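In each ligand, atom 1 is the first atom listed, and ligand 1 is the first ligand listed. Quick note: numbers below take in every heavy atom, side chains included, and nothing from hydrogens, waters or symmetry partners. The shown structure was predicted, so the numbers you read here are calculated from the model rather than taken from an experiment. Residue numbers run from 1 in the order of the sequence given.
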Amino acid sequence: MSNADYSAVHKTWRKPRTCKPDFQNPDPVVCPPTWFFDNLAFIGDEVVGCFLIRTEEGLVLLDCMNPDERCRRLVEDGISQLGESAANLRAILISHGHGDHFGNAEYFQKRYGTEIYISEIDYEFARNMPSSLPWEPVRFQADEFLQDGEAIAFGTTKIHAVFTPGHTKGCFSFIVPVTDEGRPHRMALWGGSGIMPDTDKEEYRQSLIKFTEVCRNMHVDGEISTHPCLDMGLARYELARNITDGMPNPFVLGEEGYHYYERQFYDYVAPGK
Ligand SMILES: [Zn+2]
């Protein structure tokens, strides 16, 4: 059965999923900033977070949480708690034009000169933010527009960008090279997960099929999510913080494991949904 054909799998002993982040939660559980690969860390809470990548050309963030003081502190202080300096923040790659992903880009750009990468479509979208959405229009200047299929190089770290419209019209997903005590792996970040009122489900599904193919070709063997409820992130970061030598990294799923995870997104847009 291919992922594209996936519609229903009999659930037996597994718990039903509650995948939707609780955006109304005013006091979400905060995750201690966590290195879970040699070069990749998570900063955030149970609702939303971001990823810090250490490269030879400085630090790179994937997304940057909500546009509020609490999240700004989480990110900036989190970088310090990880033993790094926000002054060394070279770039922020933004998956899509929703506030819980671009939130603090303007702050970091003004304070540290951080370069901001976003798709041109979602930059225009976020500059003219619909009043139906709870975020102010963005005021940062995009430094680079993401291009489909490009490998964005920071030294030897090449982050692969894939255009995957659906959640938003300009949504991008990323494939991030990591090492676990020197062993190389590739993590996939599905850029926009939820189905919005304006989501074109067929466009979403086609993007998913495309991303599946790219991940197969690149031998992706794990995933990361900016919404930890989607992938039991907080439980796995806790495990990673306490992991003992000899145990495999909980984010290394193997190629089959990655594609099993990815099925949940096909389920969102399965016929009849
Ligand atoms: Zn979104």
Side-chain angles (χ1 to χ4, degrees), residues 17-25 28 31 42-51 61-68 70-72 74-75 92-106 108 116-140 142 145-146 148 159 161-176 187-208 210-211 223-231 233-234 261-262 264-269 273:
R17 300 187 63 95
T18 49
C19 292
K20 288 203 167 70
D22 180 6
F23 292 111
Q24 308 308 320
N25 184 348
C31 180
F42 177 79
I43 298 170
D45 60 40
E46 64 180 319
V47 176
V48 66
C50 57
F51 294 95
L61 270 179
L62 297 182
D63 289 345
C64 50
M65 299 187 71
N66 280 297
D68 61 44
R70 186 189 74 87
C71 287
R72 183 186 68 72
L74 274 182
V75 177
I92 302 174
L93 276 52
I94 295 171
S95 61
H96 66 277
H98 287 156
D100 53 327
H101 298 263
F102 66 65
N104 295 285
E106 181 186 2
F108 287 112
I116 300 175
Y117 293 62
I118 187 172
S119 76
E120 187 167 10
I121 294 170
D122 269 19
Y123 183 55
E124 290 305 321
F125 170 80
R127 275 167 24 118
N128 301 283
M129 186 64 77
S131 58
S132 57
L133 294 176
W135 305 289
E136 295 294 314
V138 298
R139 290 177 305 210
F140 62 75
F145 290 131
L146 295 165
D148 189 22
I159 300 168
V162 186
F163 181 49
T164 53
H167 178 76
T168 60
K169 290 289 180 195
C171 183
F172 266 73
S173 298
F174 301 110
I175 296 172
V176 184
M187 298 294 112
L189 173 75
W190 179 237
S193 45
I195 304 300
M196 306 291 286
D198 60 349
T199 298
D200 180 336
K201 288 187 180 178
E202 183 55 24
E203 185 178 50
Y204 185 110
R205 204 175 71 86
Q206 290 302 326
S207 289
L208 200 44
K210 170 184 171 182
F211 193 57
E223 60 68 43
I224 55 177
S225 173
T226 47
H227 296 302
C229 60
L230 296 178
D231 67 354
L234 261 53
Y261 165 80
E262 196 184 47
Q264 66 179 296
F265 302 120
Y266 282 96
D267 211 11
Y268 292 179
V269 289
K273 287 285 176 87

Not counting sequence neighbours, which residues clear side chain to side chain donor-acceptor pair (under 3.5 Å) with Asp63? List them please. Ser95, His101
Are Val138 and Glu106 packed together at the side-chain level, in the sense that at least one heavy-atom pair is separated by less than 4.5 angstrom? no
Could you list the residues that satisfy side chain to side chain donor-acceptor pair (under 3.5 Å) with Glu202, not counting sequence neighbours? Arg205, Gln206
Just by distance, no angles: are the side chains of Asp122 and Thr168 close enough, under 3.5 Å, to form a donor-acceptor pair? yes
Centres of the Tyr204 and Trp190 rings: under 6.0 Å? yes
Just to verify, what does Ser193 make a side chain to side chain donor-acceptor pair (under 3.5 Å) with, not counting sequence neighbours? none
Distance below 2.8 Å from the Zn ion (ligand 1): protein N/O/S atoms: His96 NE2, His98 ND1, His167 NE2
